[in-house]
Number of protein chains: 2
Amino acid sequence: MKRNTWQREAVRGALDANDGFISAQALHSALHATGSPIGLATVYRALADLAVEGDADSLQSPEGESLYRACSTNLHHHHLICRNCGLTVEIEADAVERWAKDVAGQNGFTQAAHVVDVFGLCATCTAKAA
Amino acid sequence: MKRNTWQREAVRGALDANDGFISAQALHSALHATGSPIGLATVYRALADLAVEGDADSLQSPEGESLYRACSTNLHHHHLICRNCGLTVEIEADAVERWAKDVAGQNGFTQAAHVVDVFGLCATCTAKAA
DNA sequence: GCTCTGTTGATAATGATTGTCAAAACCATT
DNA sequence: AATGGTTTTGACAATCATTATCAACAGAGC
Ligand SMILES: [Zn+2]
Ligand SMILES: [Zn+2]
Ligand SMILES: [Zn+2]
Ligand SMILES: [Zn+2]
């Protein structure tokens, strides 16, 4: 049976309090900053659990780190992410969903999944960089 | 000045000889198997160079490994990849390109790049799995 | 061939992530 | 509220891919 621990709630809460995608290490640091004594391994485990349960989205940063985010919906969607400040916009794109399914089917592929992420500089960061 | 070494040619050749995406470590093993004494660090460097020069495509596997492939074109395109045998199909999708650019622009993002990959089971692997 | 300089490769170092396992915490039951 | 079986935790070690070091080496031009 799965148990409820304050650690899991703490991770869930910290994820909710964070706007963009965040790494396990960064989330652990954030928790420590608030005085939480939670262990790093526990943060990794909690995030992995949240991801499989669908309560968190995860993606690989271009540098290969696993990042997590508590999105507003657990429905399938994608993200537009600022590579400077982490600002994240959730985007739906039925056209892309259809395209992914079609291209897989047309090539005889089954059990198709897809990775679709857009990275850029948000308006604020664009202005600052000017 | 950039120099021509047999090591870079060996990496380029090994990439060409490989069908799907492959990791630096696996490519190093493949080269060793043919008797090449090339060093692992050199394979990493050569692949990184090929990627920036546009002679190789790279992507992050769902597990976070960097994979490389010598594609038939150096024009921008995407991939449909069998997660079992590695069979890779190059796909172009102007609609997706446009969508990515539009969604970034509509949200005030600049310097937009995107990651679009489709993973599935190819027809052969689907048949075997049945 | 000689020198200058970019490249190589054995190895150490790094950094994220996972494994270990005894101690602590849950929770249904008494 | 105390008990007991089971799950979870966390400090730490271990792993794994990748990068940094740096002395030895090998292109390219003279
Ligand atoms: Zn930003
Ligand atoms: Zn989708
Ligand atoms: Zn296959
Ligand atoms: Zn594209």
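Keep in mind the model is a prediction, meaning the values are calculated, not measured. Here is how names work: the chains are called A, B, and so on, in the same order as the sequence lines, proteins then strands, and each is numbered from 1.
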**Request:** Select one nucleotide: of D:dT21, C:dG19, D:dT8, the one nearest the side-chain heavy atoms of B:R45.
**Result:** D:dT21
**Message:** How many whole angstroms separate atom CG of B:L27 from atom P of D:dT18?
**Reply:** 12 Å
**Fill in**
Rounded to whole Å, CZ of B:R12 lies from P of C:dT7 at a distance of 14 Å
**Request:** Please determine, for the side chain of A:N4, which listed nucleotide (D:dT9, C:dT17, C:dC27) has the closest atom?
**Result:** C:dC27
**Prompt:** Atom CG of A:D49 to atom P of D:dT7: distance rounded to whole Å?
**Reply:** 14 Å
**Message:** Whether the side chain of B:N107 engages the backbone of B:V103 through a donor-acceptor N/O pair (distance < 3.5 Å, no angle test) should be reported.
**Reply:** yes
**Asked** Quick one: is D:dG10 close enough that its OP1 or OP2 comes under 4.0 Å of any side-chain N or O from A:T42?
**Response** yes
**Message:** In whole Å, I'd like the distance from the NE2 atom of A:H32 to the C1' atom of D:dT9.
**Reply:** 13 Å
**Asked** So which nucleotide from C:dG19, C:dG9, C:dT17 ends up closest to the side chain of B:Q7?
**Response** C:dG9
**Request:** May I ask you to evaluate whether A:Y44 reaches the phosphate of C:dT18, defined as a side-chain N or O under 4.0 Å from OP1 or OP2?
**Result:** no
**Message:** Please tell me whether B:S58 and B:S66 have a donor and an acceptor in their side chains that are separated by less than 3.5 angstrom.
**Reply:** no
**Asked** How about B:D19: does its CG atom have over 12 heavy atoms from other parts shown lying under 6.0 Å from it?
**Response** no
**Complete:** Between CD of A:Q25 and C1' of D:dG10 the distance, given in whole Å, is 15 Å
**Message:** What contact category does B:S66 fall into here, base, sugar-phosphate, or nothing, at under 4.0 angstrom with non-hydrogen atoms?
**Reply:** sugar-phosphate
**Message:** Between P on D:dT9 and NE2 on A:H28, what's the gap in Å once rounded to a whole number?
**Reply:** 13 Å
**Request:** Send over the distance from A:R8 CZ to D:dT8 C1', rounded to a whole Å.
**Result:** 7 Å
**Message:** Go nucleotide by nucleotide along DNA chain D from the 5' end; which of B:L40 and B:K2 gets its closest nucleotide reached first?
**Reply:** B:L40
**Complete:** Among the nucleotides C:dA16, C:dA10, C:dT8, whichever has the atom closest to the side chain of A:E65 is C:dA16
**Request:** State whether B:T5 places a side-chain N or O below 4.0 Å from either non-bridging phosphate oxygen (OP1 or OP2) of C:dT8.
**Result:** yes
**Message:** Distance check needed: C:dA16 C1' versus A:I22 CD1, whole Å only.
**Reply:** 15 Å
**Request:** Tell me which of B:W6 and A:V43 sits closer to the 5' end of DNA chain D, going by the nucleotide each one is nearest to.
**Result:** A:V43
**Request:** Name the closest nucleotide to the A:R3 side chain, picking from C:dT17, C:dA10, C:dC26.
**Result:** C:dC26
**Prompt:** Under 6.0 Å between ring centres, would you say that holds for A:H78 and B:H114?
**Reply:** no
**Request:** Check the side chains of A:T73 and A:E90 for a donor-acceptor pair under 3.5 angstrom, ignoring hydrogens and angles.
**Result:** no
